[in-house]
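I have placed the structure first, in the form of structure tokens, so that the comments after it can refer back to it.
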There are 2 protein chains.
Amino acid sequence: MELDARKIIILKTIIKNYLETGEPVGSRTISKYSELNLSSATIRNEMSDLEEMGYIIQPHTSAGRIPSDKGYRFYVDSIMKESDDRVNEVTELMVKKVDKLEMLLKNLVKHLALDTNYAALISAPALSENKIKYVQLSQPGEKKLLLILVLEGNIIKNEILTIDEDLDMETVLNLTIVINNHFSGLSLNDITGTVVKEAVNQAGRHRQTVETVIDAMIDMMAAGEETRDIYTSGATNILKYPELTDTKKAAALISAFEEKDALKKLVSEVTSDEAADGGHNNLQVYIGGEGPIQNMKDCSLVTANYELGDGLRGVIGVIGPKRMDYEKVLGTMKNLMEQLDKTFGKDSDNKEGKG
Amino acid sequence: MELDARKIIILKTIIKNYLETGEPVGSRTISKYSELNLSSATIRNEMSDLEEMGYIIQPHTSAGRIPSDKGYRFYVDSIMKESDDRVNEVTELMVKKVDKLEMLLKNLVKHLALDTNYAALISAPALSENKIKYVQLSQPGEKKLLLILVLEGNIIKNEILTIDEDLDMETVLNLTIVINNHFSGLSLNDITGTVVKEAVNQAGRHRQTVETVIDAMIDMMAAGEETRDIYTSGATNILKYPELTDTKKAAALISAFEEKDALKKLVSEVTSDEAADGGHNNLQVYIGGEGPIQNMKDCSLVTANYELGDGLRGVIGVIGPKRMDYEKVLGTMKNLMEQLDKTFGKDSDNKEGKG
DNA sequence: GTTAGCAGTCCTATGATTAGAGTGCTAACA
DNA sequence: TGTTAGCACTCTAATCATAGGACTGCTAAC
């Protein structure tokens with residue numbers, strides 16, 4: 001059997017209708033709803049075919065049809081193909097005014113959740129490709145060293161290290177200079193064993209301390225995949241959709257958003273899928289048990305890889321019921337990505353706004 | 001009518017039973033459950049009295065009784081009076097090993113939620129009483145200044161400021177020295193107009209910049225009541241209790257935990273109640289619509305004021321259904337406070353662990 | 001003061017019934 | 001051959017009535 005034009009129209013109408021109402025849709029509805037001007041009987045025949053082909057499902061004998069995962073997939077793919085560039089309501093992101101990366105991310109994810117009415121998440125960018133601007137050391141107490149790492153894009157990281165010796169101010173200054181000499185301008189990937197060795201050697205009898213510092217620096221930058229911060233918003237939107245309101249399922253989902261561990265795993269899986277399906281603005285849709293959301297069978301996930309210039313790359317995503325408004329979500333995400341590109345694109349010098 | 005010994009036993013038995021089951025409890029249950037060896041008829045008479053006195057309520061004619069807010073209050077007060085010092089299972093807090101304040105707080109609140117099976121929150125300590133150890137300035141870019149504030153207790157704060165001039169390295173160093181000279185050792189309350197003026201004057205033609213820096217410092221430390229970070233855990237535990245599972249209520253509550261704004265307000269109200277009810281280890285119980293939780297009529301809130309030495313004071317709390325296991329929660333909280341005291345008490349030198 | 005017993009109340013669970021929505025099939029039609 | 005009308009059938013969800021159970025309150029007896 002073939003999926004001819006008429007079947008496609010009917011299929012899409014069924015799905016659209018189901019997305020809106022959440023109720024199984026029957027033949028009579030389609031007959032009235034679509035511009036096909038066919039009787040419900042004809043529609044019934046077609047629907048029977050569509051069911052046989054696996055695009056729609058009948059929850060029980062006397063109910064209408066609902067889309068299967070295959071049906072959703074077809075629908076989503078066809079949306080993605082329409083290169084419909086109509087500009088969505090411009091999300092008035094005050095991205096330029098935000099002065100902390102954390103704040104920017106929190107704002108972004110909040111907006112996304114508000115706009116879509118689903119749960120949204122964003123992963124803090126990986127720092128491993130980011131270059132070190134400079135490093136500062138100081139002594140906040142006995143046998144303590146405060147390490148401050150300033151990365152390209154004005155990302156600041158700090159940590160208090162415990163060391164084995166007490167240093168005088170001059171030594172601290174000297175060590176700071178040594179480290180800056182060796183590491184300024186390097187990204188994580190540039191930090192080879194040789195570089196480390198050279199720096200350590202130059203530290204003379206403070207080699208132990210310098211080693212500690214370097215280890216800490218590497219840790220801070222490597223804080224990639226697994227330890228990366230994740231910000232979320234709108235987890236409780238999940239409770240708005242009856243099919244997810246079942247207490248157990250809802251609790252599990254919302255917990256996942258609270259605990260973040262599951263989300264981290266999810267993000268790392270999505271990251272590795274990156275560009276698997278090239279083009280499409282890097283947008284990905286996972287339906288039902290597809291890919292990284294196998295344990296969220298009743299949900300769909302829409303993700304995109306964002307970039308804030310300076311090589312700050314991360315993942316942003318929306319999780320909602322399978323019958324989410326894909327069109328809107330995809331539009332919103334696309335829009336958001338474009339805004340970010342415009343604001344943080346390589347040639348823009350609006351690189352303030354991050355610290 | 002008087003609340004005699006027998007009535008008290010019956011009242012407590014009713015409440016205990018209701019806390020366990022969540023179902024209204026009838027006279028026959030009490031008759032069998034308590035060691036009073038009275039017939040259900042007698043209990044019925046007493047219950048009738050208790051109802052008249054306002055301690056218990058009958059949801060409908062042919063149902064058992066449930067505690068009223070007044071009943072809960074009586075019960076909680078009587079628990080608080082029992083100075084029962086039995087040691088709870090020692091929460092194996094790895095407080096000593098934690099090396100970031102943020103991590104410590106997150107661990108604490110997570111433990112609390114896991115132990116109690118309710119939702120828990122903790123507010124980051126106020127910094128206004130905390131003294132400045134030292135300040136560091138550096139230039140991460142054009143017209144940018146990175147301000148790093150190191151407070152007693154090794155709390156680190158950083159922010160990138162935009163300034164109107166470009167400084168050379170020497171000037172930055174000089175300004176750093178000026179600021180440290182004037183502000184090292186001061187807490188927020190010590191920073192008077194005079195101090196600021198002196199520092200600004202000494203900055204010569206860079207007064208504008210120094211003003212910006214000082215303003216930022218004050219903001220960072222003042223980030224008290226309203227802007228203070230709040231960490232939460234176990235929000236979804238709320239879904240475990242049928243009386244809160246009503247989708248709307250649950251969504252509102254969980255949202256509150258997600259958004260944090262409401263919680264901030266709550267914390268600041270609790271803080272102002274502080275020591276209102278002296279003794280009792282600073283533990284407070286708010287039942288139903290009492291005090292700061294007027295919009296959470298079906299919940300109770302247990303709070304305590306914690307201190308991590310160094311004047312780092314904040315609020316920790318548990319929110320659950322009105323029929324929460326007060327005894328356990330109070331015990332757990334008490335325990336926790338004692339552990340914190342032991343670990344961070346004034347005389348302890350385990351003051352590492354925070355940064 | 002305590003208790004047994006009984007009538008009365010109200011909730012809840014259960015089952016039966018019904019209305020409605022929707023299908024599949026057949027037969028007629030263009 | 002594709003489309004449609006119509007009918008029998010199925011299954012769900014809502015409604016209703018009924019019965020059972022859990023209590024209470026009251027009265028009368030101990």
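First the proteins, then the strands, lettered A, B, ... as listed; each starts at 1.
- Atom CD1 of B:Ile30 is separated from atom C1' of D:dC23 by 13 Å (rounded to the nearest Å).
- Taking the 5' to 3' direction, DNA chain C first and last meets chain B under 4.0 angstrom from a heavy atom at C:dT2 to C:dC11.
- Rounded to an integer number of Å, the gap from A:Arg6 CZ to D:dG2 P is 9 Å.
- Contact check for A:Thr13 versus A:Leu36: no side-chain heavy atoms found under the 4.5 Å cut-off.
- For DNA chain C, the neighbouring residues in residues 45-67 of chain B, judged by any heavy atom under 4.0 Å, are B:Asn45, B:His60, B:Thr61, B:Ser62.
- To the nearest 0.5 Å, atom CD1 of residue B:Ile122 and atom CD1 of residue B:Ile316 are 3.5 Å apart.
- The CG atom of A:Leu36 sits 10 Å away from the P atom of D:dT4 (whole-angstrom rounding).
- Results of the salt bridge (Lys or Arg N to Asp or Glu O under 4.0 Å) test with B:Asp298 over B:Lys249, B:Arg323, B:Lys322 single out B:Lys249 as the only residue that passes.
- A salt bridge links A:Arg73 and A:Asp77; the closest N-O separation between the charged side-chain nitrogens and carboxylate oxygens is under 4.0 Å.
- The list of salt bridge (Lys or Arg N to Asp or Glu O under 4.0 Å) pairs with a residue in residues 39-68 of chain B, not counting sequence neighbours, reads B:Arg6-B:Glu46, B:Lys7-B:Glu46, B:Lys7-B:Asp49, B:Glu51-B:Arg65.
- Two residues are said to be in side-chain contact when any heavy atoms from C-beta on lie closer than 4.5 Å; A:Leu244 and A:Cys299 meet this criterion.
- Aromatic ring pairs are classed by plane angle as parallel below 30°, tilted from 30° to 60° and perpendicular above 60°; the pair A:Tyr55 and A:Phe74 is perpendicular.
- Across all strands shown, the partner of D:dC30 is C:dG1, judged by Watson-Crick or G-U wobble contacts whose two distances both fall under 3.5 Å.
- Put simply, the side chain of A:Arg44 and the base of D:dG6 share a donor and an acceptor less than 3.5 Å apart.
- A:Glu259 has a carboxylate O that lies under 4.0 Å from a charged side-chain N of B:Lys110, or vice versa, which qualifies the two as a salt bridge.
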